[in-house]
2 protein chains.
Amino acid sequence: MSDTDTKFETEMNRGFLQVLVLVVLEEAMYGYMMLRKFEQLGYKVEESTLYPLLRRLEKYELVESKWDVSADRPKKFYEISEKGRRIRQKLLKIWQQQDFILKNLSQEDI
Amino acid sequence: MSDTDTKFETEMNRGFLQVLVLVVLEEAMYGYMMLRKFEQLGYKVEESTLYPLLRRLEKYELVESKWDVSADRPKKFYEISEKGRRIRQKLLKIWQQQDFILKNLSQEDI
DNA sequence: TGACATACTGTGCGAAATACAGTATAACGT
DNA sequence: ACGTTATACTGTATTTCGCACAGTATGTCA
């Protein structure tokens, strides 16, 4: 596995991770919980990638957060907003369109 | 269509466009030709996005280029390399995995 | 008591998408 | 003949992302 490989593989995260987070946040979750969930799905994400993404999504009001201090450690729960749902729909549509194009063009090569 | 929308939609290009270019370059093509092709597929790409991407792919030896000066205007033809094919396979596999995860998680919301 | 898991924040770097500007030729309509 | 549009590419500056790395703090378990 050369360095070039990881370089290009990394780029595959950007769009996908946005959508993935917006999808799972239909149900309220906190950062560390998502990291575990993604790992179970066979998709490892770095803490230093997810946490800034969550803050960014909140900054643009696609998600809302509230601290839960009732348990052992304080946890910051995130949940998708109405705006987030609207944008998620658009992003999922883009994804499907891209998937359609890719499947059609690459079926002879796979 | 707010500004936030485009901001997040933009991120959807990155991984996809890499793969798309590597797929179509199984057949030799030049930049402007790809722009037209993508447009026909319903997927508009900016010149200022595609050209730097092609240079980058060449820099990392995923594609090779040669100038064709026989026609009216000089055209820079690109074609995928062996290294490019190897990496394309990995990226396509990542795409499929991501698509699988997304379809499973979001089927109840779509 | 010392390592590991949990749970988050903050800073800095390299690289990518795009805007914008520029170069140059060919095809076209008027 | 002349201006506009299409063709075909290069180069620079800006913004923002992914991630490495560092740091803070509490809980669990050998």
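Residue numbering restarts at 1 for every chain, and letters A, B, ... go by the order of the sequence lines.
- A donor atom on one side chain and an acceptor atom on the other are found under 3.5 Å apart for B/E58 and B/S65.
- Phosphate proximity of C/dA16 to B/N13: absent, as no side-chain N or O sits under 4.0 Å from OP1 or OP2.
- When heavy atoms are screened at a 4.0 angstrom cut-off, B/T10 is found touching the sugar-phosphate backbone but no base atom.
- The list of ring-ring contact (aromatic ring centres under 6.0 Å, His included) pairs with a residue in residues 82-105 of chain B, not counting sequence neighbours, reads A/W95-B/W95, B/F16-B/W95.
- At the heavy-atom level, B/R55 lies under 4.0 Å from base atoms of the strands shown.
- A straight line from NZ of B/K44 to P of C/dT18 spans 11 Å, rounded to a whole angstrom.
- Qualifying side-chain hydrogen bond (donor to acceptor under 3.5 Å, both in side chains) partners for A/K76, counting only residues two or more places apart in sequence or in other chains: none.
- A cation-pi arrangement is present between A/R36 and A/Y32, with the terminal nitrogen or guanidinium carbon under 6.0 Å from the aromatic centre and inside a 45° cone about the axis.
- Of the residues near DNA chain C, A/Y78 and B/L17, the one whose nearest nucleotide (by heavy atom distance) lies more toward the 5' end is A/Y78.
- A/P74 comes within 4.0 angstrom of sugar-phosphate atoms only, judged by non-hydrogen atoms across all strands, and of no base.
- A cation-pi arrangement is present between B/K75 and B/Y30, with the terminal nitrogen or guanidinium carbon under 6.0 Å from the aromatic centre and inside a 45° cone about the axis.
- Rounded to whole Å, atom P of C/dA17 lies 6 Å from atom CG of B/L53.
- Among the nucleotides C/dA16, C/dT9, C/dA7, the one closest to any side-chain atom of B/R14 is C/dA16.
- The nearest whole Å value for the distance from the CZ atom in B/F16 to the P atom in C/dA16 is 18 Å.
- Nearest-nucleotide assignment on DNA chain D puts the 5′-proximal partner with A/R56, out of A/R56 and A/D72.
- Of the two residues near DNA chain C, A/R73 and A/E11, the one whose nearest nucleotide lies more 5' is A/R73.
- Between C/dA16, C/dT18, C/dA7, one nucleotide has an atom nearer to the side chain of A/K7 than all others, and that is C/dA16.
- Note: CD (A/E9) to C1' (C/dA15) measures 16 Å, nearest angstrom.
- Interface limits on DNA chain D: the 5'-most and 3'-most nucleotides within less than 4.0 Å of chain B heavy atoms are D/dA6 to D/dC17.
- If you take OH of A/Y30 and C1' of C/dT6, they are 8 Å apart, rounded to a whole angstrom.
- For the 3.5 Å distance criterion, the side chains of A/Y43 and A/N13 qualify, holding a donor opposite an acceptor.
- Using a 4.0 Å cut-off between charged side-chain N and carboxylate O, B/D68 and B/R73 make no salt bridge.
- Following rounding to the nearest Å, A/L35 (CG) and C/dT6 (C1') show an atom-to-atom distance of 11 Å.
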